[in-house]
Amino acid sequence: PIYEGDRVLPVLETPLESDLDVRIQRAGWMKVDVDGRELQVRAAGETVADSLAGAGISLTGLDYTVPGLEEPMPESGEIQVIRVEEKVQVELEPVPFETVYQPLDTLELDSIQVVDSGTYGVLQNRVRIRLEDGKEVSRTVDEARVVVEPKPRRLGYGTKIVVRTLSTSYGTIEYWRAIPIYATSYSPCNLGVPYCGERTASGKSVQRGIVGVIRSWYNLMRGWPVFIPDYGPGTIEDIGAGIAGRDWIDLGFTDENFEPWHQWTTLYFLTPVPPLDSIPWILP
């Protein structure tokens, strides 16, 4: 008898002739997980591909099987067919704009003015999405190109210097710049470290009138005269550690006259105005 799924070679419709050799390959049961269903079928074949063909189950495009098509039929008879679909879609995302600065001689020092607010650009991504049995398993960008260039935001910074005067307990001062600042204090044996040190970065001794700043300021402002209310006049002569996110200064004292400072104040830059090419128009 010939059962469903049995493979006969030559085919059953072959006319009978002398010396005709007939080969019958008996089919076995397979359990195929395909298209969201579990099929119980009989088919004959030595490999997974042969067995699926015998059962009338076809693969197209990128479809694949577990075990692979060229693998021998597993003893369990279980085969999983994974349907693969790829689609391409276009996705857009914003491209951030840069901020550039330009000097404005009509704007007072330490003032900022928006010259151009800037606009975002547009990046177009050609995305290939791979689906296996209807579920997304990967997403890759085949091509990415900027279709709209971002336009930078332009901020103007003031370079106009205005000299002003201020009456203080130390007399009238003349200044060309004033900024809010956070002030702390130090002395030779109040450095925040377990040792004493009297010398500053400029080589002078720590005492009242010595002002420490962060290194980037010191490199630009060494020796500049300044004034701090309730402290008095001083010059920038030392480097301090600074406080992150704050404009900061450290006020020098001797150990005998040390005063603890932890407060906001104003730092006045006294005349004469330094050469224009040495002035940091935007404080680092």
Side-chain angles (χ1 to χ4, degrees), residues 4-7 9 25-103 112-157 214 216 242-246 282-284:
E4 178 184 0
D6 289 349
R7 180 177 297 177
L9 295 175
Q25 184 179 6
R26 294 297 186 186
W29 283 104
M30 292 194 308
K31 184 169 69 174
V32 184
D33 185 359
V34 59
D35 299 327
R37 298 178 299 164
E38 189 176 277
L39 304 179
Q40 296 279 353
V41 295
R42 285 176 56 87
E46 295 180 357
T47 65
V48 171
D50 291 339
S51 299
L52 290 177
I57 299 174
S58 60
L59 276 67
T60 59
L62 299 172
D63 294 349
Y64 66 96
T65 61
V66 179
L69 289 173
E70 303 306 318
E71 297 289 327
M73 274 296 296
E75 293 184 2
S76 65
E78 296 181 357
I79 298 174
Q80 184 180 8
V81 176
I82 292 91
R83 300 296 190 190
V84 178
E85 176 189 1
E86 283 193 342
K87 60 182 181 179
V88 175
Q89 69 182 36
V90 174
E91 298 178 351
L92 303 178
E93 64 179 84
V95 179
F97 53 78
E98 296 180 335
T99 298
V100 297
Y101 293 87
Q102 66 183 63
I112 296 292
Q113 178 179 305
V114 177
V115 178
D116 191 324
S117 58
T119 57
Y120 283 91
V122 178
L123 177 67
Q124 177 180 283
N125 294 318
R126 186 173 179 269
V127 182
R128 184 177 300 275
I129 301 172
R130 180 182 175 96
L131 305 172
E132 294 187 358
D133 289 337
K135 297 180 180 180
E136 182 178 327
V137 295
S138 67
R139 180 179 291 248
T140 56
V141 176
D142 284 350
E143 180 188 27
R145 62 190 182 97
V146 176
V147 294
V148 177
E149 292 289 341
K151 184 179 179 181
R153 177 176 61 179
R154 296 187 177 277
L155 299 180
Y157 59 88
I214 59 175
S216 59
I243 298 176
R246 293 179 178 174
I282 300 176
L283 291 172

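These numbers come from a predicted model, not from an experiment.
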Of all heavy-atom pairs linking Met73 and Val48, the shortest is SD-CA, 4.0 Å

Atom of Arg139, atom of Val127 and distance for their closest heavy-atom approach: CG-CG1, 3.2 Å

side-chain contact (heavy atoms from CB on, under 4.5 Å) between Val34 and Arg83, intermediate numbers included: CA-CA 8 Å; Val34 59; Arg83 300 296 190 190; 3.7 Å; yes

Is a salt bridge present between Arg26 and Asp6, judged by a nitrogen-to-oxygen distance below 4.0 Å? yes

Tell me, yes or no, whether the heavy-atom count around Gln89 atom CD, taken from other residues, nucleotides or ligands under 6.0 Å, exceeds 12. yes

Looking at Leu92 and Val122, what are the two nearest heavy atoms and their distance? CD2-CG1, 4.1 Å

Nearest heavy-atom contact between Phe97 and Arg153 is CE1-CB, 3.6 Å

Any idea which heavy atoms bring Pro150 and Pro96 closest together, and the distance? CB-O, 3.9 Å

Using a distance-only test with no angle check, is there a side-chain donor-acceptor pair under 3.5 angstrom linking Arg128 and Thr140? no

Around Arg130, counting heavy atoms of other residues, nucleotides and ligands shown, do more than 12 lie under 6.0 Å from its CZ? yes

Determine the minimum heavy-atom distance between Ile57 and Leu39, stating which atoms define it. CD1-CD1, 4.2 Å

Are Val148 and Thr119 close enough that some pair of their side-chain heavy atoms sits under 4.5 Å apart? no

Evaluate side-chain contact (heavy atoms from CB on, under 4.5 Å) for Asp33 paired with Val66, printing each intermediate quantity in order. CA-CA 10 Å; Asp33 185 359; Val66 179; over 6 Å; no

Is the number of heavy atoms from other residues, nucleotides or ligands under 6.0 Å of Gln40 CD greater than 12? yes

Taking the side chain from Arg42 and the backbone from Glu4, do they hold a donor-acceptor pair closer than 3.5 Å? yes

